[in-house]
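Below is one structure; the comments refer to it alone.
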Amino acid sequence: MEKLIKHSLDEAFRTLKRFMDDPETIHAIGSAIKLIVNALNNKGKVITCGNGGSMCDATHFAEELTGRFRNNRRPLPAIAINDPAHISCVANDYGYEDIFANYIEALGSDGDVLVAFSTSGNSENIVRAAFKAHEKGMKVVALTGKKASRLAEIADTVIAVEHEGFSDRIQEMHIVAVHIIIEGVESTSFFSASEKEKANAVKQSGFL
């Protein structure tokens with residue numbers, strides 16, 4: 001068991017190192033931050049989607065915006081497509097391939113951002129969601145496991161984790177990217193003056 005644990009930690013470390021060393025990583029994450037901040041500053045919102053574990057990542061992303069990450073600030077508009085009633089309804093009446101696209105058709109607006117998670121980059125329902133988002137005038141940020149994929153071809157920004165193993169390592173890097181994106185969003189102008197003063201006071205006290 002000790003050998004298994006060490007091997008898993010080593011694999012996670014090597015995956016992170018490759019992700020960090022990829023010159024496109026910083027640019028892609030920075031681009032995602034800019035797209036999201038621009039949307040929020042212009043009264044847009046963020047919609048997120050993914051399958052299975054990626055749906056959990058998409059939900060995590062949205063709650064960090066509607067709640068908070070590290071500092072108090074106003075709630076930011078974000079929705080994860082994870083309503084089981086909607087998903088089962090659309091899957092039953094139309095097909096699983098349309099569960100995300102139909103939601104975006106209903107609630108997506110020009111100026112919004114879709115953050116789409118797919119470790120393969122080829123999940124049909126995610127690809128259709130990206131197409132629908134562009135039809136609605138939305139930008140698309142993709143978190144994938146391949147730079148070359150159907151989703152990557154559509155997206156405005158692609159955060160790709162090149163890894164030939166199982167999807168768990170890719171999803172771990174996606175969460176790293178999610179936290180950096182949220183930190184980047186929180187570093188902009190979404191704090192009130194009083195909240196900024198409180199945050200600065202805490203930092204100066206040495207607690208952060």
Side-chain angles (χ1 to χ4, degrees), residues 8-41 44-82 112-121 126 139-147 151-152 155-163 165-191 195-196 198-200 202-203 207-208:
S8 185
L9 288 170
D10 182 62
E11 185 180 56
F13 173 77
R14 284 185 280 109
T15 305
L16 175 60
K17 186 70 167 58
R18 283 195 299 271
F19 187 53
M20 290 172 57
D21 291 344
D22 186 335
E24 296 180 22
T25 294
I26 292 176
H27 173 76
I29 293 175
S31 177
I33 293 169
K34 289 177 183 178
L35 288 176
I36 291 169
V37 168
N38 183 64
L40 296 174
N41 277 332
K45 62 183 175 296
V46 176
I47 299 178
T48 66
C49 65
N51 292 295
S54 290
M55 178 179 285
C56 297
D57 293 343
T59 302
H60 185 83
F61 195 114
E63 58 85 6
E64 295 282 22
L65 289 174
T66 57
R68 54 162 282 179
F69 181 55
R70 293 185 175 178
N71 296 306
N72 292 328
R73 40 100 177 138
R74 68 176 173 88
L76 302 173
I79 306 170
I81 307 176
N82 58 8
D112 290 347
V113 174
L114 171 67
V115 180
F117 293 78
S118 173
T119 56
S120 70
I126 302 295
K139 296 295 186 182
V140 177
V141 174
L143 288 94
T144 75
K146 296 285 184 183
K147 291 181 180 178
L151 181 60
D156 298 283
T157 297
V158 182
I159 301 170
V161 182
E162 291 284 355
H163 179 65
F166 294 104
S167 61
D168 52 353
R169 296 282 91 96
I170 297 169
Q171 290 171 337
E172 288 165 3
M173 296 306 102
H174 284 175
I175 284 297
V176 171
V178 162
H179 285 160
I180 296 171
I181 292 169
I182 299 300
E183 184 178 5
V185 170
E186 282 197 349
S187 72
T188 59
S189 57
F190 298 111
F191 297 94
E195 287 168 342
K196 284 183 179 179
K198 289 178 183 177
N200 288 333
V202 173
K203 287 180 180 178
F207 286 106
L208 288 179

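Residues passing the side chain to side chain contact (heavy atoms under 4.5 Å, CB included) test with Ser8 are Arg169, sequence neighbours excluded. The salt bridge (charged side-chain N to carboxylate O under 4.0 Å, His left out) test applied to Arg14 returns Asp10, not counting sequence neighbours. For Ile26, there are no side chain to side chain contact (heavy atoms under 4.5 Å, CB included) partners, not counting sequence neighbours. Here Glu183 pairs with Arg70 under the salt bridge (charged side-chain N to carboxylate O under 4.0 Å, His left out) rule; sequence neighbours left out.
In this structure, Lys147 does not pair ionically with Glu162, as no charged nitrogen and carboxylate oxygen lie closer than 4.0 Å.
Rounding to the nearest 0.5 Å places CD1 of Ile79 at 11.5 Å from CG of Leu65. For the atom pair CD1 of Ile181 and CG of Leu143, the computed distance is 5.5 Å after rounding to the nearest 0.5 Å. Here the CE-CZ distance, from Met173 to Arg18, works out to 9.5 Å after rounding to the nearest 0.5 Å. With rounding to the nearest 0.5 angstrom, the CG atom of Asn82 is 6.0 Å from the CE atom of Met55. Atom CD1 of residue Ile159 and atom CZ of residue Phe19 lie 6.5 Å apart, to the nearest 0.5 angstrom.
In terms of heavy-atom proximity, Asp112 sits nearest to Gly44 at OD1-CA, 3.4 Å. Ile175 and His60 make their closest contact through CD1-CD2, 4.0 Å (heavy atoms, listed as atom of the first residue, atom of the second, distance). Closest non-hydrogen pair, Ile33 versus Ile180, comes out as CD1-O, 4.0 Å. The heavy-atom pair separating Gly184 from Ser187 by the smallest distance is O-OG, 2.6 Å. When all heavy atoms of Ala58 and Gly50 are compared, the pair lying nearest together is CB-N, 4.1 Å. For the residue pair Arg68 and Arg73, the shortest heavy atom distance occurs at CA-NH2, 3.7 Å.
Between Val115 and Ile36, some side-chain heavy-atom pair lies under the 4.5 Å cut-off. Between Glu172 and Thr15, the closest side-chain pair of non-hydrogen atoms is not below 4.5 Å. By the 4.5 Å heavy-atom criterion applied to side chains, Ile126 and Phe117 are not counted as neighbours.
For residues 24-36, the pairs satisfying side chain to side chain donor-acceptor pair (under 3.5 Å) are Ser31-Thr157, with sequence neighbours left out. Pairs of residues two or more places apart, or lying in two chains, never qualify as salt bridge (Lys or Arg N to Asp or Glu O under 4.0 Å) while including a residue from residues 46-67.
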